[in-house]
Amino acid sequence: MKQYSLLPALDAQPELNTADILSGLNEAQQEAAAAADGPVLIIAGPGSGKTRTLTHRIAYLLASGKARPHQILAITFTNKAAREMRHRVYELIGDQSKGMTIGTFHSTFARLLRKEGKQIGYTSDFSIYDSDDTKRALRQLLNEYNIDPKQFSPRSMYSLISGAKNRLIGASEYARLAVGPAQEKAAKVYGPYQDLLRASNAMDFDDLLLKPIELFRNHPETLERYRFLWQYIHIDEYQDTNHAQYILAKLLSDGHHNLCVVGDDAQSIYAFRGADIGNILSFQRDYPEARTVRLEQNYRSSKAIVALADAIIKGNSKQIEKELWTENDQGDPIIVMEALSERDEAQKIERRVRDLCLRHGIRYRDIAVLYRTNAQSRSIEESLRREDVPYRIVGGVSFYQRKEIKDAISYMRLVVNPYDDGSLRRVINYPTRGIGNKSQDLLFQWAKGAGVTAWEALERVSEVPGLSSRARNAMARFRTMMDGFMGKAETEPAGDLMRSILNEAGLTHELMREHTPENLVRRENLEELVSAVREFSDNPDTPDTLSAFLQEVSLLTDADSGGDFDDKVTLMTMHASKGLEYKAVFVTGLEEGLFPLSGAMQDPEELEEERRLFYVGATRAERYLYLTYARSRYRYGEHQSGIRSRFLDELSGDLLRTEAGEPFSSKQDRLQRSSGSGNYTEMDPFYYRRPLGGTKGPSEKGRTHNTKPPAARRQGTAPGPSKAEPAGRRIVYDAEESADLAAGMRVEHGTFGEGKIIAIEGNGPQAKAVVFFKEVGEKKLMLRFAHLQRIG
DNA sequence: GTTGGCGTATTTTTT
DNA sequence: ATACGCCAAC
């Protein structure tokens, strides 16, 4: 597994002096790179070379003799970024860079806890629970406390607890602060949840940050050691740090204050998982002596794209003032593409992709298609696959999240950490070996009463009352088998152990029972896992233990996986695209309710975050940028028509072009549509039969420029206009009930008062409107009964 | 104890 | 539309 090699094999570089290291940087970058001592705040716009500045700064510190490699701590946002930074510093100064600590917050402190955790009662073999494991544990607890997991899902409980944890609010304090039913329930399970983790010698993602804080606070001498060790601290993507990370940075840099943070408040997109934009906004206040450097020159994008980015972010009220500029060419115009449906959108993208390759000499790997939600990848995939355009998806389920891999990993975890009840539960009856839920419950309950872990209970299975002899035997056999694995772990290489587990626990066999292509893939994945384990333990750069391997892989993201250098189009969420750049970028699904997402539309803060996400997406592009939206989209299994995103309408028309090359006139277009002939959906079988009534919107005009006929017609789902079929009844409904209502309109309701239509769903007598009412919030109403009156 | 069917909620984004 | 949890039958 390549991502574990600490240092890539590179030819030694000729010696460089410090001036050489700075020479490739512009003035502002040089200032930031050479400001060795004291706090530094680098405010860096997109494409301004902030990572480059950071690497050169580190190289400069080392080459100038200011710092020894082990005194450098650099925190990156992803493991991949860490790898790249290590690589780049090595390229600059060669062997002088060996021994730096570069990694994400989570991996860095996981490593630290492996060394120091025993001071707070953890062995170095602790398990790391990902959100999957965590939800499993919470489901268990919700059950125990008779909380209905349907009403209060493990997922929502986890996000509440997680939110509390990364604000450093403990269980008892949270219980005091909790308001409302959900928080009260979360408060109930918070404490037991922590106890459960503790007893299992396990930590969740939040603990990886909290435990070091706890450790440092309880053991000042340890903190002192690390303060002394890491003399120069760097944090990238500082705008996305949460409170716990903020505290860690503060603790570690107290005393020397050699803390250099880099970020862009306009690119803060992780508030939903606790990131606190206040960290970067108040850096200057926390460290009054801090030097602030702005990197405002953009090297990535064309003038057109930089201007667009500027216009996007102007829609937000709060931000650090800065002015992006570029010396690059004006570049091509940014094109807005309207599609009838998501399918149509996907086809248009696919055609553009091929056009870019054929006519503009762009390679597939220089193209990215970005979307708001993972679910949107599907239609785009289909359309690319149909035309044999190679693509890769980043995100979704990463290798180590796949079920078969997690099963195997759970066995390994249990081998190194027998206290891990979560993993035990996961594997005790997979593959099925006659230990059903009931027997499991008996075992776990007895263990709880006796105050021992389930693993110990397994040893004393004869004492557990109520078990059938069959279950008892099965448990004993399981225990014996695991004992065997644990013995092997002492003597055999990790890869061999993994292989034995796959064979003897029956994991491979389980996947041979049915000969489906999926199972074949799963078996191949398991094989890959074996070689990953082998590589890890064979790698002299990672002389660590098996538990280290298990811990590191639970922190890997799909985006971290080693470079795929094939020539493929990249599909990913805008979140995943952070920090990347492509010659051509498609930002898709620009529709109200999708982007911005409906949940965010009512909260100004969240809306601003969505807008920053748009900013991030658009600024990934170097030269070609396409913004697309569809007028209808599948959601919840039915077609819903939507309206174009407000983000598009906020932009002035001269920045954008339609596909036909005309200026994109934003405002009027949207208004006219909502007042007139709009609200069609592609799949609406009556689309082409509807009396147009003379209201020919600009959208009609757009269609005449389309070289291909609309997708719906070509697929034959909608008969042509010539075939005026009966089925008139539904048209009547349509005309009576909904023809004059469309998303975007202001309406009045007898009881709910004034509101705005967010979307119209379905047609005929089933037509519903999603309306956001000023007084009561979002409601879904049947048009037949609602009697909405248009106002305004 | 296991399997299958049915009903239900579910869609943000992720270290 | 799909996935997952729960319940009933084997």
Side-chain angles (χ1 to χ4, degrees), chain A residues 75-82 103-110 128-132 134-136 139 142-143 148-156 158-159 162 165-166 203-209 237 240-242 244-245 268-275 370-379 394-398 400-401 403 429-441 467-468 470-471 474 551-552 554-560 572-578 589 593-601 606 609-610 612-614 616-617 633-640:
Chain A
I75 309 266
T76 55
F77 193 69
T78 63
N79 288 296
K80 189 181 174 200
T104 63
F105 265 103
H106 288 85
S107 65
T108 302
F109 288 102
I128 296 177
Y129 278 12
D130 66 12
S131 54
D132 219 53
T134 293
K135 275 185 257 172
R136 187 181 288 259
R139 180 172 297 281
L142 291 175
N143 248 324
D148 181 7
K150 273 183 185 157
Q151 248 183 76
F152 303 96
S153 70
R155 193 191 193 311
S156 66
Y158 173 54
S159 75
S162 172
K165 282 172 89 168
N166 57 46
M203 299 192 204
D204 65 13
F205 284 140
D206 303 309
D207 286 336
L208 291 176
L209 306 172
E237 307 287 7
D240 286 319
T241 51
N242 63 30
Q245 292 164 332
S268 158
I269 53 173
Y270 281 101
F272 70 89
R273 69 167 197 222
L370 310 181
Y371 34 78
R372 178 64 240 264
T373 65
N374 280 308
Q376 287 166 255
S377 71
R378 199 185 195 139
S379 55
V394 179
V397 224
S398 86
Y400 289 99
Q401 312 264 60
K403 186 187 172 302
N429 200 31
Y430 181 84
T432 49
R433 48 174 69 92
I435 308 174
N437 279 328
K438 213 167 170 195
S439 307
Q440 285 178 43
D441 285 345
L467 285 176
S468 68
R470 220 183 110 162
Q551 289 167 9
E552 308 247 327
S554 45
L555 296 174
L556 284 183
T557 315
D558 189 42
D560 292 323
M572 64 188 149
T573 65
M574 275 171 266
H575 281 91
S577 77
K578 181 171 158 99
L594 183 63
F595 193 30
L597 215 50
S598 55
M601 296 198 302
E606 284 182 48
E609 174 142 322
E610 295 279 309
R612 290 193 294 268
L613 190 57
F614 184 28
V616 168
R633 195 172 285 276
Y634 255 142
R635 261 187 146 182
Y636 301 106
E638 57 181 340
H639 263 289
Q640 288 182 210

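Per chain, numbering begins at 1; letters A, B, ... match sequence-line order.
Contact annotation: A:T573 side-chain N/O to B:dT14 OP1/OP2 distance is under 4.0 Å. At the phosphate of B:dT13, OP1 or OP2 sits under 4.0 Å from a side-chain N or O atom of A:N374.
With a 4.5 Å cut-off on side-chain heavy atoms, A:Y129 and A:D207 do not count as touching. A:L208 places a side-chain heavy atom less than 4.5 Å from the side chain of A:I128.
Judged by closest nucleotide on DNA chain B, A:G436 is the one of A:L209 and A:G436 placed further toward the 5' end. For A:A576 and A:A471, each mapped to the nucleotide of DNA chain B holding its nearest heavy atom, the one lying further toward the 5' end belongs to A:A471.
Each of B:dT2, B:dT15, B:dT12 was ranked by its minimum atom distance to the side chain of A:H106; first place goes to B:dT15. Nearest nucleotide to the A:F272 side chain, out of B:dG1, B:dT14, B:dT2: B:dT14. Residue A:H575 places its side chain closer to B:dT13 than to any other of C:dC6, B:dT12, B:dT13.
In this structure, A:Y634 places its OH atom 17 Å from C1' of B:dT11, rounding to the nearest Å. Atoms CD1 (A:I269) and P (B:dT12) sit 17 Å apart, rounded to a whole Å. Counting to the nearest Å, the P atom of B:dT2 and the NZ atom of A:K438 are 13 Å from each other. Atom CD in A:Q151 sits roughly 17 Å away from atom C1' in C:dC6 (whole-Å rounding). Distance OH (A:Y371) to P (B:dT14): 9 Å, rounded to an integer number of Å. Following rounding to the nearest Å, A:R378 (CZ) and B:dT12 (P) show an atom-to-atom distance of 17 Å.
Using a 4.0 Å heavy-atom criterion, one finds that A:L597 contacts the bases of the nucleic acid, with or without backbone contacts as well. If you check every strand for non-hydrogen atoms under 4.0 Å, A:R155 touches a base. Note on A:N429: only backbone sugar-phosphate atoms sit closer than 4.0 angstrom, heavy atoms only; bases stay farther off. Within the nucleic acid shown, A:Y270 comes within 4.0 Å of sugar-phosphate atoms alone, with no base atom in reach, counting heavy atoms only. Using a 4.0 Å heavy-atom distance criterion, A:S439 is classed as a sugar-phosphate-only contact. Using a 4.0 Å heavy-atom distance criterion, A:S131 is classed as making no nucleic acid contact.
The line from CG of A:N166 to CZ of A:F205 is 13.0 Å long, rounded to the nearest 0.5 Å.
Evaluated for a salt bridge (charged side-chain N to carboxylate O under 4.0 Å, His left out) with A:D204, the options A:R136, A:K135, A:K165 yield exactly one hit, A:K165.
Judged by distance alone, with hydrogens and angles left aside, A:R273 brings no side-chain donor or acceptor close enough to the base of B:dT15 to form a pair under 3.5 Å.
For the 3.5 Å distance criterion, the side chains of A:S153 and A:S156 qualify, holding a donor opposite an acceptor.
A gap of 22 Å separates the C1' atoms of B:dT11 and C:dC6, to the nearest Å.
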